[in-house]
Structure formats: C-alpha cells, structure tokens
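This report refers to the structure that appears directly beneath it.
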Amino acid sequence: MTALIREIFSSVQGEGPYVGCRQVFIRFEGCNLSCRYCDTGRVIETDTCRVEIEPGGRFFLELSNPLSVQDVLDVVMNNYKLSLHHSVSLTGGEPLLQADFLKELLPSLKQTGSLVYLETNGSLPDALRPLIGMVDIVAMDIKLPGTAGCSPLWDEHLHFLSVAKRARLFVKIVMDDLSSISEFEEALELIAGVDDGIPLIIQPMTRGGKCSLSPGRALGLQAAGLGRLKDVRVIPQVHVMMGQL
Ligand code: SF4
C-alpha cells in the first residue's frame, strides 16, 4: 500500500488545545474540499515528498511519491526521537482520503508507543469508522459554509462527531469578522446534540500573518458558545507567529 505524502517534519502543534506540543507531522496530499482560506489543500504536488531531517534546520530531503508504509515508518523512526514528541500528527490536506494506507500504517505507529493525532475536515465519517480504535486524538473541523465557501456539511459533520467521540475529540471552527452567526449557532447545536462536553476551539482566520477576528467579536462568539458548550476557547494559529512549519 502506498500514499501521496507532501511532507514529513518535526515541529510544535500550532492549533487548538495541544498548542506547543511537539509532534512529528505526516502531511498527506490532496483534499476533498476547497476552503477559501486554505493554505495547504489546493495545490497538488505529487512528485516528491519533502522530509526535514534536522528539525527546524530547513534542509529537506526529497523522496519520490508515492511512499510505502515502510518508507513512512523509516522516515519517522530514523530521523526523529519519538520520546521527545507528544504524538504523531496525521494532517493534510485530508488524511482520511488515504484511509486504506492508514489502516496499514496505524498499527505500526501504535507499536512505537506514540499517540496518534488525526487532523481532519470532519467530512468523511465512513473512512474514520474502521480507524477510530487506532486514533488517540481527533482534531475535527466543522466548516461554516459561508466562511469556508463550501456546501453545507452538517449531516457529514454529525455522523463524524458520533464516530470521533470514541477518541479524545475536540472541534475547531475557523472564523473571521464576516462569519455567519446563524451558521455558528447551527454548529453549536450540532456539537451540543452529541455531547456538550466536547471542547470547541474558535480559530481566528489568519490573513497575511494576522488574525482577522476582532477582539470584541471573538469574545462575543466565545460567550455564545459557552451558552451551549462547557469548554469554548479562542486560539489563533500560533505556529504562524513563530515561523514554525
Ligand atoms: S479542509 Fe483543510 S486542507 Fe482541505 S481545503 Fe479546507 S482548509 Fe484546505
């Protein structure tokens, strides 16, 4: 089994409640969505996977795509000291597009003792279902259609939440000052209907390295969120500020 991988590197998590935790990132190529604010999903560069062999050194080894499960394990095991890392992050793009590959990769990753952290757009519940027993943490997006510029995904998100809650789950919603309040409220209802203890992260959209959610708006959204959910935080993309990958 092989997969198209864009890059593998070691850095700190820059989003959500695990911000600052050191992770090995495996970034899968391609996405089934095309969000307006995307910085990774659209461009398809399938020829090579870049591997940063010295964390933070910005020297990249180029490997030919697609990579086998063993290729990925070799990169992870031979270049990064896993004991320094909180977890291995499967990110993208959308990693669940390559679910058959994950089915083979995850048992071996688990054998290393690493936690498996899945970053996903939350739209492919059927792909997650057979994998959920091997995933420790799910970082799931809920897409507000008006903000992301996509079709409504409420049904997909609902099914995804019901599967993903078997792991440690949190939800992230990217928002800016123009985001629809009614769509945000719909997302709150969706989450609360599954479990009002699922943490929600409101992530201000980053434009030109700056947050595009004003302070008052951010606090107002958090207050609205806390009316339905127990844990609602506002956390920007910290890795962008630090110049981390
Ligand atoms: S789901 Fe993520 S990777 Fe895919 S287009 Fe949207 S922001 Fe980009």
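All residue numbers in this chain count up from 1 along the given sequence. These numbers come from the heavy atoms of this one structure, side chains and all, not from hydrogens, waters or symmetry mates. Both ligands and their constituent atoms are indexed starting at 1 by order of listing.
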Which ligand 1 atoms, with their elements, are less than 4.0 angstrom from a heavy-atom of [X]?
X      : value
Asn121 : 1 (S)
Cys35  : 1 (S), 5 (S), 6 (Fe), 7 (S)
Leu33  : 5 (S)

Requested in this report: Mind checking whether Ala148 contacts ligand 1 via backbone (N, CA, C, O), side chain (CB onward), both or neither, at a 4.0 Å heavy-atom cut-off?
Outcome: neither
Query - Thr147 and Arg36 side chains, donor-acceptor separation under 3.5 Å - result: no
Report task. Please name all residues satisfying ring-ring contact (aromatic ring centres under 6.0 Å, His included) with His86, sequence neighbours left out, ordered by chain then number. Result -> Tyr18
**Report entry** Crowding at NE2, His239 (>12 non-hydrogen neighbours, <6.0 Å)
**Finding:** yes
Report task. Identify the heavy atoms of Glu104 and Pro107 that sit nearest to each other, and give their distance. Result -> O-CD, 3.5 Å
Report task. Would you mind finding which of Lys143, Arg27, Glu119, Arg36 brings a heavy atom closest to atom 2 (Fe) of ligand 1? Result -> Lys143
**Report entry** side chain to side chain donor-acceptor pair (under 3.5 Å) against Glu7, all qualifying residues, sequence neighbours excluded
**Finding:** Arg27, Arg50
Report task. Please state whether the separation between atom 4 (Fe) of ligand 1 and some N/O/S atom of Cys31 is under 2.8 Å? Result -> yes
